[in-house]
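A quick write-up on the structure given underneath.
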Amino acid sequence: MSKEFLMGNEAIALGAMAAGVKVVAGYPGTPSTEVLETIAKRNDGSIYVEWSINEKAGLEVAAGAAYAGARSLVTMKQVGLNVASDPLMCLEYIGVKGGMVVMVADDPGPISSQTEQDTRTQAFFSKLPLFDPSSVQEAYEMMIEAFDFSEKYGTPVFFRSTTRVCHGYASIDVKDPSEYHKYEVEGFVKDSSKWVIFPRLSLQNHAKIVERNITLSDVFSEYERNFIIPESSREHRKGIATHGISYCYTMENLDEGNMLRTFRVATPHPFPEKKALEFLEGLDEVLCIEELDPVIEKELIFICGKYNLKTKILGKMTGNIKTAGENSVESVGAAINVFLGKETGKAPENDAPALPVRPPVLCAGCPHRASFYAVKEAMKGKKTLYCGDIGCYTLGNAKPLDMVDTCLCMGAGINIAQGIGHLEPDTNCFAFVGDSTFFASGITGVINAFYNQANMTLIVLDNSTTAMTGHQPHPGTGKTMMGEIVSKVSIEKILRAIGLETVETVDPLKLNEAIAKVKEVAAKPGVKAIIFKSPCVAIIKPTGKNIIDPEKCTNCKSCIKKLGCPAIILKDGRAAIDETLCTGCGICSDVCPFGAICGGESNE
Amino acid sequence: MSKNIILCGVGGQGTVLASKLLSAASMAKGLPVKSAETIGMAQRGGSVTSHIRIGEGAYSPLIPMGKADVIIAFEPAEAVRMLPYLKKDGVIIVNSRPVMPVTAALGGSDYNGTEMTEYLSKKVGSLTVVDSDKACEELGSSKIINVLLLGAAISRCDIGLLKEDIRSAIGRIVPEKFHSLNFRALDYLG
């Protein structure tokens, strides 16, 4: 054992390594990304690690490894689980030989996601057991236990965590590599009656899964992570049921002199019914403090009905806990006060001056800004539709660019553009997609467009990385998580192979050429594509800094109004370049009507 | 002993390294540490905060409102934004240099930070305003605001750590060629 200061995701990674994981796959997504990255970084070469092209591929790779008897892990964020749902739902009917953990990071808030979906609800739907830790230390230990349960019961299990645990840090105890679980992998043993899914097998296994989950409910009632505190709480009439980070917020509001009987649920599925009965005994009222769905609340209502208990269950469905967004120490404290009939102190009056709003924006020097501006300029005065997608370039929606009319989920923009285009043949339909998103789920959309005779322009924003999640490699980068240099998959060749006749690769930072090219390509019929290729500004050295010539500048502020670059600021009422941010991309010198901005100091 | 420290600023200012140095220094002293940081979308020019809780007794990695012993703010408006977290008699160390958001430039606002520092001086008994432009110029680097502010915090209040603790954390975490620059920044404000 030794002490390490770890992020929750690092602890989850080390837990998997201590459990003897041999194959790890995943797709980047906040707040899950660091799990796979940590394993890759600490890998001594004995673990196979990959960034898969999407979550479905990752889950299938991990399933294959578990079929062969290895312990495997797949990581993703909550919306990634939607992509992986098809193999996951089926896999539960087949089961696994080696332990397999599906690590999913949920994002209450949501802080950086499209939805506030709750993987605990997905656990009920898919019938998988689920582990839900409250702290970094617990995340580490429960990861090891999750592998044990998975292997013992022959089922993949969910390990579900939320942003505040994934991205919280703590100094925790971890095992030394000599203490890691060691075993021999048997290999895949052919048996088509076990590994080939057919309706008859599904029927048989369905019944077994239901039976197993009844058993697991009893097992989980004895699992020490589902606990009731304090031990001597027989006289209590009111209790709290909670989970995950909300348990920590609850404890911040309770102390020895002010303790309520508290049930911490670490495995909401299968729900530890016997433990819940022990908790409910003698209680008049229970407040369920949860984030996302009212999972524990519904289970307790069900148990009260089943056993004819009079206990009143309060929570999201009674308006005691907010139904959306994340909890906080303060929101939980206020809910507990209402529950106990206490007054909550009034918040002090806010007399602070108006604070500047800081929405996330494209970085100074980001090539996406140039790409969006080029399309906007080229299409001036025309009827247009700009379908966006998931990635840094979603930020192209911000003013003044205002170049994202729709955004739904990974890869959706390409197909949405087709749907609108079929109804509005006079609209110039564009779909913007990033390089990593193109590989993850964009290719099928392009084939659909080409086959079904759509009229649209595909814009691939190729910045040679997966930027938003922290610069992960993908098939177009020619690097793998095992450190190999491999053949790059060419987006241009894929598009040509589909059948597209017009596929132009353009440097967006050469703004005037880019504008001309967009005009030319957009005028052609059918499906055509422009690949705007320029690396993410965060992975290259800046070329220099631009300066504004005060003699030529008329203070028209066109640069600010057209580009919205964070490096162009107002100083004493005049446009000025913030040299700590400017990278010298130079597109502001192209948009300045007076030629007042030019390359200043160069790094070359 | 238990200390709650909030670091706040704008994405890209270096709050994460400052948080790492505080945590590493506490770990080296054998103190339990919990922390939480803004990661992801908010990093792109958005407000960022780190919560650091040193010592026993903390459950949540996030500091409850009104419980921060000290706020180390890399930007004046961000200090005002986090003010509800400061405990009564808490300390604020604030950098006077404003970071103007794109929205302010677009809206024609001439936000310059002075109204924020003026407001803080009315509200906070123990306020230290640091002129980082001057310090960066004299130290010859714009990348040392984090260590500069940490140095100021340790000089002005008890966070349970000494400059020596931060110095050895810098020695372990920061690349060697930047050591002397960071040591000078740490001691710059006395």
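In the text below, chain A, chain B and the rest are named by the order of the sequence lines, each starting its count at 1.
Across every non-hydrogen atom of B:Arg53 and A:Glu252, the tightest pair is NH1-OE2, 2.7 Å. Between B:Met116 and A:Ala354, the shortest heavy-atom distance links the atoms CE-O, 3.4 Å.
Ranked by heavy-atom pairs under 4.5 Å with chain B, the first of A:Leu355, A:Ile245, A:Val329, A:Ile568 is A:Leu355. Interface check for chain B: of the options A:Val357, A:Ile569, A:Asp351, the most heavy-atom pairs under 4.5 Å are formed by A:Asp351. Annotation: maximal heavy-atom pairing with chain B below 4.5 Å, among A:Pro356, A:Ser135, A:Ser328, A:Cys565, occurs at A:Pro356. Interface remark: of the candidates A:Gly168, A:Ala170, A:Ala352, A:Ala352 forms the most heavy-atom pairs closer than 4.5 Å to chain B. Taking chain B as the reference chain and counting heavy-atom pairs below 4.5 Å, the highest number among A:Lys561, A:Arg164, A:Lys399, A:Lys571 is found for A:Arg164.
Within the 4.5 angstrom heavy-atom criterion, only side-chain atoms of B:Met27, from C-beta onward, approach chain A. When heavy atoms are compared at a cutoff of 4.5 Å, B:Lys122 does not approach chain A at all.
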For residues 58-77 of chain B, dump all side-chain donor-acceptor pairs below 3.5 Å to protein atoms at least two apart in sequence or in another chain.
residue	atom	partner	partner atom	Å
B:Ser60	OG	B:Leu62	N	2.9
B:Ser60	OG	B:Leu62	O	2.9
B:Asp69	OD1	B:Lys87	NZ	2.6
B:Asp69	OD2	B:Asn4	N	2.7
B:Glu75	OE1	A:Arg358	NH2	3.1
B:Glu75	OE1	B:Ala77	N	2.7
B:Glu75	OE1	B:Glu78	N	3.2
B:Glu75	OE1	B:Tyr111	OH	3.3
B:Glu75	OE2	A:Arg358	NH2	3.1
B:Glu75	OE2	B:Val99	N	2.7
B:Glu75	OE2	B:Tyr111	OH	2.8

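Rounded to the nearest 0.5 angstrom, B:Ser35 OG and A:His167 NE2 are separated by 11.5 Å.
Within a 6.0 Å sphere centred on CD of B:Glu138, other residues, nucleotides and ligands contribute more than 12 heavy atoms. Within 6.0 Å of atom CD in A:Glu579, 12 or fewer heavy atoms from other residues, nucleotides or ligands are found, so the atom counts as exposed in its surroundings. Shown here is B:Lys134, whose NZ atom has no more than 12 heavy atoms of other residues, nucleotides or ligands within 6.0 Å.
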**Asked** Yes or no on side chain to side chain contact (heavy atoms under 4.5 Å, CB included) for B:Glu37 and A:Tyr169, after CA distance, side-chain angles and deciding distance?
**Response** CA-CA 8 Å; B:Glu37 269 156 30; A:Tyr169 284 77; 3.8 Å; yes
- Message: Would B:Lys143 and A:Thr580 count as a side chain to side chain contact (heavy atoms under 4.5 Å, CB included) here? Give the steps.
- Response: CA-CA 10 Å; B:Lys143 305 279 180 204; A:Thr580 62; over 6 Å; no
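In this structure, A:Val136 and B:Lys34 have side chains that are not in contact, with every pair of non-hydrogen atoms separated by 4.5 Å or more.
Judged purely by atom type and a 3.5 angstrom limit, A:Ser171 uses its side chain to pair as donor or acceptor with the backbone of B:Val33.
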